[in-house]
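Letters go in sequence order (proteins before strands), and every chain restarts at 1.
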Amino acid sequence: MHPLREEGVLPTARSTCGNFLEACDKMPELPEVETLVRGLRETLPGRRILSVRLGKTDFMDDPAAIERGAPGRRIEGVERYGKFLLLRLSPMHGAANGNAARASLLVHLGMTGRLAPSPSALPCEKHTHACFALDDGRELRYTDARRFGRMAFFEEGPLREQLRPLGADPLDVSEEEFAQRIRTRRARIKALLLDQHVLRGVGNIYADESLWRAKIHPARHGAQLTHRQTESLRRALREILERAIRLRGSSISDFVDAAGEPGEYQRRHRAYGREGKPCYRCRTLIRRIQVAGRSSYYCPRCQPTPRWLSGQGRQPKNVTPH
DNA sequence: CTCGATCCCTGGACGC
DNA sequence: TGCGTCCAGGGATCGA
């Protein structure tokens, strides 16, 4: 039996205190991945990968390529691209074959993925599917119960190929590009925010939060939005993501930020997961509907339902994008 | 091309 | 206590 299969279960490693929604809090979207990247950057660069052990591999593009390509390389950097995490690897030491080129390990955490170094002596947590032994007595371990994540090894060319289809950086996208990417589409705004080909890094939580803040109903069509609305949404999204990164970066939960509000209050979602609770702006009860196959939380008063949806009426035919 | 529906997978919540 | 059922979601894939 594979050593990783018999999972050495740590005595209830994490106190999963709290309800489901607090657990959702940890779902890796852009800010969570960014925080992880910053943490790994402190400790990984310069380390050499000595060996690789894999458990279940059905979420990996090409497990053999990882086993073949990673050992012997040095970790040169850690980067984020959307929700992807990139381990930049050196060319293979003194390699004359195909390993002379730079390469990267591409990691997506999916819903439940975690990536962290750990002393090799510690038993692996349950659902650990990849262990990279480092030259300092630690192992970089990937754990993912649901295996919705992804792991792959690429050299530069193929890596660019993988990342090329991804959309704009929501922290960086210009007013014009954002409007262009949204207002030319007839899909619902919620679907567009979640589409990694439109924007890279936004997930369900921050999509709902930014729509709440911009006062836009999740089922509106991209092409229905005014320029003023897309600009409001772009700013809301950027500010929420930036704040989330700041908050995640400070491990202390109850600090007071520049706005003078307690961190605990700040970090609470305004819409996501708050079905039946009063809107922070108008006290109307937050509702939950399905949009683009995902739960979507919104305030029915602040984010008015589009007319075509509210009545028995259906979607008008003339929402032609332009 | 565009968009929506379906499926993958597991653990936790909930009902009986 | 224990069992079954439902549900969460990112993204690939398929069909309309």
Subject >> Candidate list A:Tyr280, A:Tyr298, A:Tyr297, test side chain to side chain contact (heavy atoms under 4.5 Å, CB included), partner A:Arg274, passing option >> reply: A:Tyr280

Subject >> Interatomic distance where CG belongs to A:Asp195 and P belongs to C:dG9 [whole Å] >> reply: 17 Å

Original post:
Does the side chain of A:Tyr206 get closer than 4.0 angstrom to OP1 or OP2 of C:dG9 through an N or O atom?
Top reply: no

Original post:
When you check the phosphate oxygens OP1 and OP2 of B:dC1, does a side-chain N or O of A:Arg186 lie under 4.0 Å from one of them?
Top reply: no

Original post:
With A:Ser104, which of A:Glu76, A:Glu79, A:Arg88, A:Arg73 fulfils side-chain hydrogen bond (donor to acceptor under 3.5 Å, both in side chains)?
Top reply: A:Arg88

Subject >> Cation-pi check, A:Arg147 onto A:Phe59 ring (under 6.0 Å, within 45° of axis) >> reply: no

Subject >> Atom pair distance, as rounded to whole Å: CE in A:Met111 and P in C:dC7 >> reply: 15 Å

**OP:** Search all heavy atoms of A:Asn204 against all heavy atoms of A:Ser295 and return the closest pair with its distance.
**Re:** ND2-O, 3.0 Å

**OP:** Could you tell me the separation between the CG atom of A:Leu194 and the P atom of B:dA5, rounded to a whole number of Å?
**Re:** 14 Å

**OP:** Evaluate the side-chain proximity of A:Asp58 to A:His129: yes if any heavy-atom separation is below 4.5 Å, no if none is.
**Re:** no

Original post:
Checking all strands, does A:Ser295 fall into the base, sugar-phosphate, or nothing category for heavy-atom contacts under 4.0 angstrom?
Top reply: sugar-phosphate

**OP:** Counting heavy atoms from C-beta on, name the nucleotide in B:dC3, C:dA12, C:dG10 closest to the side chain of A:Glu29.
**Re:** C:dG10

**OP:** Give a yes or no on whether a salt bridge exists between A:Glu231 and A:Arg228, defined as a side-chain N under 4.0 angstrom from a carboxylate O.
**Re:** no

Original post:
Hey, are the side chains of A:Ile189 and A:Leu233 touching, using non-hydrogen atoms and a 4.5 Å cut-off?
Top reply: yes

Original post:
Is the distance from OP1 or OP2 of B:dG4 to the nearest side-chain N or O of A:Arg185 less than 4.0 Å?
Top reply: no

**OP:** Could you state the atom-to-atom distance from CZ of A:Arg188 to P of B:dT2 in whole Å?
**Re:** 18 Å

Subject >> A:Arg213 with A:Glu209: basic N within carboxylate O range, under 4.0 Å >> reply: no

**OP:** Using whole Å, report how far CZ of A:Arg183 lies from C1' of B:dT2.
**Re:** 19 Å

Original post:
Quick one: do the A:Arg141 and A:Thr128 side chains pair a donor with an acceptor below 3.5 Å?
Top reply: no

Original post:
Phosphate oxygens OP1/OP2 of C:dG10: is one of them under 4.0 Å from a side-chain N or O of A:His108?
Top reply: no

**OP:** Can you tell me the distance, in whole Å, between the CG atom of A:Leu193 and the P atom of C:dG10?
**Re:** 12 Å

Original post:
Within this structure, what is the CG-to-C1' distance between A:Leu109 and C:dG11, rounded to whole angstrom?
Top reply: 14 Å

**OP:** Looking at every strand, decide which applies to A:Arg200 at a 4.0 Å heavy-atom threshold: base, sugar-phosphate, or nothing.
**Re:** nothing

Distances under 3.5 Å only, N/O to N/O: pair up the protein atoms with those of nucleotides 13-15 of chain C.
none

Please tabulate, one pair per line, each protein N/O and nucleotide N/O from nucleotides 8-10 of chain B that are separated by under 3.5 Å, including the distance.
from	atom 1	to	atom 2	distance (Å)
B:dT10	OP1	A:Arg147	NH1	3.1
B:dT10	O2	A:Arg146	NE	2.9

Subject >> Lys/Arg N to Asp/Glu carboxylate O, A:Arg235 vs A:Glu239, below 4.0 Å >> reply: no

**OP:** Could you tell me whether the phosphate oxygens of C:dG10, OP1 or OP2, come under 4.0 Å of any side-chain nitrogen or oxygen in A:Gln196?
**Re:** no

Original post:
A:Ile205 CD1 to C:dG10 C1': how many Å, rounded?
Top reply: 12 Å

**OP:** Among the candidates C:dG9, C:dG10, B:dG4, find the nucleotide nearest to the side-chain atoms of A:Lys83.
**Re:** C:dG10

